[in-house]
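For reference, the structure is listed below as C-alpha cells.
All of these numbers come straight from a predicted model, not from anything done at the bench. All heavy atoms count here, side chains included; hydrogens, waters and symmetry mates do not.
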Amino acid sequence: MLLTLLILPTSVTGSGVALPHIGQDTHASLDALQWVVHGYNLTFASFMLACGALADLIGRRRMFVAGAVVFTVASLVSAVASDIILLDLVRGAAGVGAAALLTSGSSILATTFDGAARTKAFAAVGIATGAGLALGAMVAGVLADSLGWRSFYGAHALLMVLVLFAIPFMRESRNESAAKVDWAGTVTFVGSLFLLMLGMVEGPQWGWASAGVLGMLVGSVLLMAAFALVERRVPHPMFDLKLLRNGRFMALCLIPVVVTFAFVILLPLLPNYLLVANKSSSQAAGTMMLLMTLPILITPLLAGRLVKWGWSNRAVFAASLVCLTVGVAWLALVLEPGVGAAALAGPLITLGVGLGLNFGLVDGAVLDVVPPEATGTAAGFLNTLRLGSEAVVIAAAGSALVNLMQNWLNDGLDRFPAYRGEPVELANSVNSGDLTGPLSKLPENVRPGFFDFVTDGFTDAWHVVLWASAAICAVLSVAIYVMLREPARQPATDGPALAAPKNEVTADTLS
C-alpha cells in the first residue's frame with residue numbers, strides 16, 4: 001500500500017518535468033500537451049467519491065485490484081504511446097485508477113489496523129505520500145534526461161506489478177449498508193470540471209470571446225447548477241450540501257485551496273520556467289524543486305511539537321498560511337532569468353514549511369468539526385475539493401501564462417522580423433519549457449537578443465501570476481483565520497449540561 005501511495009503523487013509532480021521531452025518527441029501543441037497533466041488531475045479529483053462508494057459496495061480489495069490494473073495498463077500504454085491524443089486519454093484513465101487505488105487503499109488500511117497501529121499506519125501513509133511529492137520532479141528529470149520520458153511511465157508500470165503480486169495477501173472487506181453510487185452527481189460534477197478546464201486551456205488558443213470557449217464556460221456553470229439540484233434530491237448524495245453551512249468546516253476545506261495557489265501550481269509549471277530562462281536540464285530543474293518539496297518530510301513533526309507545546313490548531317494553521325503567502329510573494333521578488341539556488345532557497349523552503357505545517361493536520365481537524373455520521377462525506381468533500389482545486393488552478397495558471405506571454409509577443413515581436421512563427425505558437429512553446437525550437441529558426445547573431453526578449457516577457461508573466469496568487473492567498477488566509485474562531489459558548493441555565501467539545505488533533509495523534 002505504501003508503494004502505491006509513493007507512486008501516485010509522482011504522476012502529479014513528475015509529468016510536468018517530462019512535458020518538454022514529450023512535446024519534442026510528439027510535436028504536440030501546448031493545449032494538447034497540457035492534458036498529459038490535466039487529464040490525470042481531472043479524473044483523479046472527479047472520481048474519488050464515486051470510487052469510494054463503489055469500493056464499499058463491491059469490496060475494497062476488488063476495487064483496489066481494478067484500480068491497480070487500470071493504472072498499470074495506462075502507465076504501460078503511456079510508455080509506448082506515440083500519439084498525443086492517445087497519451088492524453090490514457091493519462092486520464094490512469095487518474096481513474098489512481099482514484100480507485102487511493103480510496104480503496106485508505107479503507108483497507110482503516111479496516112486492517114486498529115488503535116495505535118492504525119495511527120502508525122496512517123503516519124507511514126503521510127510519509128510515503130510526502131516522499132512521492134518530494135521526489136517526483138527529480139526522478140522524472142533524471143529518467144527523462146538519461147533514458148527518455150517513456151521510462152518515467154514505464155517505471156510506474158513496473159512498480160505497480162510488484163503491488164499486484166501483493167494483492168492476494170490482502171483481506172476483502174465491504175460495507176454491507178453502503179449506499180449506491182451517485183452516478184448522476186458524478187456525471188454532472190465531472191462534466192462541469194471538464195468543461196471548465198477545457199475552456200481555460202483553449203481560451204488563449206481560440207480567444208476568450210470565441211463561441212467555443214464561452215459555450216464551454218457557460219456549460220460548466222449549468223452542469224454545476226444541475227449537480228447542486230441533483231445533490232438536493234438524491235437519497236445518498238455525493239456531497240452533503242448541508243456541510244457548506246458549517247463555517248469552521250469550510251475554513252478547513254479552504255486551506256488546501258491556499259496550498260494550491262501557493263505551492264501546487266509551481267510543481268508542474270516552475271520547472272518549465274527554469275528550462276527556458278535558466279537553460280536548465282530537466283534533471284537540474286527537477287532537483288531544484290527539492291528545495292520546496294523536501295521540507296514536507298520534516299515539518300509535520302514540527303507541527304506535532306507545536307501542538308504539544310500548547311499551540312492551538314488555529315495557531316498552527318495561521319503559521320502555515322503565513323508561510324505559504326510570504327513564500328509565493330517572496331518568489332515573485334526573486335524570480336528572474338538565471339536565478340540560482342541561493343536566491344530560490346528562501347522562498348521555496350518557506351513554501352515547503354508552509355505545506356508541511358498543515359500536512360495531515362487539516363484532515364484530522366475536519367473530522368473534528370463535523371458530526372460523527374458525516375465524517376465520511378466530510379473527508380470525501382475535502383479530498384475532492386483539494387484535488388479539484390489543483391486541477392482547475394493549474395489549468396488556469398498555465399492559461400494565464402500563455403495569455404500574458406502572447407500579449408507581450410504581440411507588442412514586441414515585430415522587432416525580430418526573422419522570426420516567422422505566430423505569437424501564440426511561440427507562447428505555447430515557451431510555456432511548455434521549450435525555447436530551443438524557436439531559437440533554431442533564427443540566425444546566430446539574432447538569437448541572444450531574441451532570448452533576452454522572450455525570457456523577459458516570460459518572467460513578467462510569471463510575476464503577474466505569482467503576485468495574483470499571493471493576493472488570493474492573503475485574502476483567503478484572513479478569511480480562514482476568522483472562520484476558524486471558536487464559537488461562543490452559552491452558559492447553561494437549566495436542563496442538561498452542554499456536551500463538551502471534541503478534542504483537537506493532538507501531538508500524539510500526529511506522531
Are any non-hydrogen side-chain atoms of Trp35 and Ile85 less than 4.5 angstrom apart? no
Rounded to the nearest 0.5 Å, what separates atom CG in Leu291 from atom OG1 in Thr287? 9.5 Å
For Met224, the side-chain contact (heavy atoms from CB on, under 4.5 Å) test, sequence neighbours excluded, returns Phe189, Ser192, Phe227
Residues that Trp149 engages under ring pair (Phe, Tyr, Trp, His ring centres under 6.0 Å), provided they are two or more places apart: none
Do Arg248 and Met483 touch side chain to side chain, with heavy atoms closer than 4.5 Å? no
Is any side-chain heavy atom of Ser104 less than 4.5 Å from a side-chain heavy atom of Arg61? no
Compare all side-chain heavy atoms of Pro20 with those of Asn272 and state whether any distance is below 4.5 angstrom. yes
Roughly how far apart are Leu159 CG and Ser75 OG, rounded to 0.5 Å? 9.5 Å
Check whether Glu172 reaches the backbone of Arg62 with its side chain - one donor and one acceptor, N or O, closer than 3.5 Å. yes
Would you say Leu357 and Leu324 make side-chain contact, with heavy atoms under 4.5 Å? no
Side chain Ser151, main chain Gly148, donor-acceptor under 3.5 Å: yes
Check the pair Val307 / Val316 against side chain to side chain contact (heavy atoms under 4.5 Å, CB included), numbers first and verdict last. CA-CA 8 Å; Val307 172; Val316 176; 4.2 Å; yes
Donor-acceptor pair, Ser399 side chain versus Ala396 backbone, under 3.5 Å? no
Would you say Asp145's side chain and Ser282's backbone share a donor-acceptor pair under 3.5 angstrom? yes
Ignoring hydrogens and angles, tell me if any N or O in the side chain of Ser46 forms a donor-acceptor pair with the backbone of Thr43 under 3.5 Å. no
Calculate, to the nearest 0.5 Å, the distance between atoms OG and CG belonging to Ser220 and Leu195 respectively. 6.0 Å
To the nearest 0.5 Å, tell me how far Leu348 CG sits from Leu294 CG. 11.5 Å
Any donor and acceptor pair, going by atom type alone, linking the side chain of Ser281 with main-chain N or O of Ala284 inside 3.5 Å? yes
Solution key, residues 133-143 side-chain donor-acceptor pairs under 3.5 Å, sequence neighbours excluded:
none

Distance (rounded to the nearest 0.5 Å) between Leu19 CG and Gln34 CD: 8.0 Å
Please lay out, stage by stage, how Asp83 and Thr26 fare under the test side chain to side chain contact (heavy atoms under 4.5 Å, CB included). CA-CA 7 Å; Asp83 180 73; Thr26 62; over 6 Å; no
Please list every donor-acceptor pair under 3.5 Å in which a side-chain atom of residues 256-268 meets a protein atom from a residue at least two apart or in another chain.
residue: Thr260; atom: OG1; partner: Pro256; partner atom: O; Å: 2.9
residue: Thr260; atom: OG1; partner: Ser389; partner atom: OG; Å: 3.1

Polar side-chain atom of Asn358 near backbone of Ser320 as donor-acceptor pair, under 3.5 Å: no
Please report the interatomic distance CE(Met63) to CD1(Ile108), rounded to the nearest 0.5 Å. 11.0 Å
Spell out, as yes or no, whether a donor-acceptor pair under 3.5 Å connects the side chain of Ser429 to the backbone of Asp434. yes
I'd like to check Met289 versus Pro271 (side-chain heavy atoms, cut-off strictly below 4.5 Å). Are they in contact? yes
For the pair Phe71 and His156, name the ring-plane relationship: parallel under 30°, tilted 30 to 60°, perpendicular over 60°. tilted
Sub-3.5 Å donor-acceptor pair from the side chain of Asn246 to the main-chain atoms of Val369, do we have one? yes
Contacts of Arg386 meeting salt bridge (charged side-chain N to carboxylate O under 4.0 Å, His left out) (sequence neighbours excluded), chain-then-number -> Asp363
Sole residue of Val77, Val70, Leu76 in side-chain contact (heavy atoms from CB on, under 4.5 Å) with Val73: Val77
Decide yes or no for Phe64 and Met1: does some side-chain heavy atom of the first lie under 4.5 Å from some side-chain heavy atom of the second? yes
Beyond-backbone contact of Leu164 with Met160, side-chain heavy atoms, under 4.5 angstrom: no
Side-chain donor-acceptor distances from residues 88-102 under 3.5 Å, at least two apart:
residue: Asp88; atom: OD1; partner: Val36; partner atom: N; Å: 3.2
residue: Arg91; atom: NH1; partner: Ser78; partner atom: OG; Å: 3.2
residue: Arg91; atom: NH2; partner: Ser11; partner atom: OG; Å: 3.2

Test log, rule side chain to side chain contact (heavy atoms under 4.5 Å, CB included), inputs Thr112 and Leu109: CA-CA 5 Å; Thr112 302; Leu109 289 177; 5.6 Å; no
